[in-house]
2 protein chains.
Amino acid sequence: MEGANEAGRAPRATASLHQRIVADVEGKIVSGEWPPGARIPFEIELCDFYGCSRMTVNKALGRLVDAGLIERRRKAGSFVSRPRSQAAVLEIHDIRAEVAALGLPYRFEITARARRSARSVDLGRIDLAGGAPVLALRCLHFAGERPFCAEDRLINLSAVPEAATEPFEDLSPGAWLVARVPWTDAQHRIGATNAARAVAAVLGIDVGTACLTIERRTWRAGEAITSVELTYPGAAHRLVARFTPTS
Amino acid sequence: MEGANEAGRAPRATASLHQRIVADVEGKIVSGEWPPGARIPFEIELCDFYGCSRMTVNKALGRLVDAGLIERRRKAGSFVSRPRSQAAVLEIHDIRAEVAALGLPYRFEITARARRSARSVDLGRIDLAGGAPVLALRCLHFAGERPFCAEDRLINLSAVPEAATEPFEDLSPGAWLVARVPWTDAQHRIGATNAARAVAAVLGIDVGTACLTIERRTWRAGEAITSVELTYPGAAHRLVARFTPTS
DNA sequence: CCGGCCCTCATGTATAGACAAGTCGCGGCG
DNA sequence: CGCCGCGACTTGTCTATACATGAGGGCCGG
């Protein structure tokens, strides 16, 4: 049976067989040839078509399940998924990288730093018991000479005690945390607000200017690590997310 | 060899063996026990540990490669990946679903509709040759009696000719397109703007109120399908993205 | 001492066979 | 006529085996 490899199409691929099956099926789906809800051929039929064993087809279809392109039910067969919602992969670059992408020199300043017990005003921002030790930081990121983004961060010192003594001279708090602390969950809330007086003064913009705000919280195994609010002058910044179904 | 299944830990799982291996290795990585760059045990060693065949371990590690958690090199072994950038999966729900999640009744109105040849002003919004037929729509989405979101859309009629005669009575243009037209690429740009007079009037807000704008363009196999600009009153709406490394 | 060749090792891919677990339908029984 | 049970079908999982591929490291010769 191993000799029947070229069944059905050109054997050109340097890619492996199961990769080719993935690509073929994916092509049929995204082209619309197999619309959402359609049944795709049974494993056995694909085995015949590609002249391979069931394991190979099974592996390919398993990947498509992982990718969310198909769903499978015993006895019934495999079906093209109905997209439930659009999804976009939003890459959260390091701010240094964002600025570098603009071709401008980057620097940041820590403008406020306080170690304290979590107050009630903090509790809405980070999952902590009252009184837990936190590090509160304010930080301003510059692109060239202009303020690019204002950062207001809380770090849970129970989870990251080393942060208490870290000077944050070379790495910004965000970059330092990403490099040091693994996380298992993150939540982002993205919104638009009119700049209040304090924010406007810091960013050098007029009061009321629309600003993009990103609030990010991260956890590791259920324990809050950090919560950060980033405020970008709205007219000057866009978040960009590109997405293809299979990345 | 099949009898040695409980080697090393609780056999509690109803899950399959390769799923348990995935979960275990993932746990070691996200907990920091195996930091980025660390070599994880060879397949053979994991086979011994779990008392299973190499194929089973191979399948588990293959999934972790897909998920981006590890990288593998022949002869050298498998290594925990260094995270390149943070990423968040941003779910773009149907607007009807967003409103339903608020517990409010949903409806929408088409407020403007024009079939025309693409003008120069359109070309910045959608990848088309000048003169190609487009359908320009404006649509207002309501949550209860209050405007929730303003939509300004262009549809490429060369790619989606059926749109020309579609009345968009039951389904909003966005929902209609998602259900009907598969896409292969999407790009989102998210920003904040101060409401101009026209937008403010439509949304029933004050001029200058910060608004969240989402510009989404979709393509199928390189051909532009549609481009849409959604404007949400900023104070009233937050985009939420949750993310866990292995989804 | 340096360079090239080859052996070895780990992963990558694929096979055939086996059994388990849902599930759809048909046929027989009440 | 209706309903239930069983068998058949499809996917899910796993094993044992085999060969290919790529890369590291050591050995041997110049």
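The sequence lines fix the lettering, A, B, ..., with proteins before strands; numbering per chain opens at 1. Reckoned from all heavy atoms, side chains included, excluding hydrogens, waters and symmetry mates.
When each of C:dT13, C:dA16, D:dG12 is scored by its nearest atom to the side-chain atoms of A:H18, the top-ranked nucleotide is C:dT13. Comparing atom distances between the B:K75 side chain and each of C:dT13, D:dT15, D:dA23 picks out D:dA23 as nearest. Which of C:dT13, D:dT11, C:dA16 sits closest to the side chain of A:M55 comes down to C:dA16. Between C:dC24, C:dA21, C:dA10, one nucleotide has an atom nearer to the side chain of A:R74 than all others, and that is C:dA21. Checking D:dT13, D:dT11, C:dT11 against every side-chain atom of B:S16, the shortest atom distance belongs to D:dT13. The nucleotide whose nearest atom lies closest to any side-chain atom of B:T56 is, among C:dG12, D:dT15, D:dT13, D:dT15.
Residue contacts shown for B:E45 are absent, as no nucleic acid heavy atom lies under 4.0 Å away.
Judged purely by distance below 3.5 Å, without hydrogens or angles, the side chains of A:Y232 and A:E98 pair a donor atom with an acceptor atom. Side-chain contact annotation: A:S227 with A:R217, donor-acceptor N/O pair under 3.5 Å absent. Side-chain contact, A:H188 with A:E215: no donor N or O sits under 3.5 Å from an acceptor N or O.
Between A:R72 and D:dG12 there is a side-chain N or O to OP1 or OP2 distance below 4.0 Å. Put simply, A:S78 has a side-chain N or O that comes within less than 4.0 Å of OP1 or OP2 on D:dT11. Between B:Q19 and D:dG12 there is no side-chain polar atom (N or O) within less than 4.0 angstrom of OP1 or OP2.
Put simply, CZ on B:R73 is 14 Å from C1' on C:dC9, counting in whole angstrom units. A straight line from CG of A:D66 to C1' of D:dT13 spans 15 Å, rounded to a whole angstrom. In this structure, CG of A:L64 is placed 15 Å from C1' of D:dT11, rounded to the nearest angstrom. A straight line from CD of A:E43 to P of D:dT10 spans 10 Å, rounded to a whole angstrom. In this entry the distance linking CD of B:E71 with C1' of D:dA23 reads 16 Å, nearest Å. Here C:dA14 presents its P atom at 11 Å from CZ of A:R63, a figure rounded to the nearest Å. Distance A:L61 CG to D:dT13 P: 13 Å, rounded to the nearest Å. Taking atom NZ of B:K59 as the reference point, atom C1' of C:dG12 lies 16 Å away to the nearest angstrom.
Side-chain contact between A:L137 and A:F168 is present, with at least one heavy-atom pair separated by less than 4.5 Å.
Mapping B:N58 and B:F42 onto DNA chain C by nearest heavy atom places B:F42 closer to the 5' end of the strand.
In terms of polar N and O atoms assigned as donor or acceptor, the side chain of B:R54 comes within less than 3.5 Å of the base of C:dG12 in a complementary pairing.
A cation-pi arrangement is present between A:R73 and A:F79 under the rule of less than 6.0 angstrom and at most 45 degrees off the ring axis.
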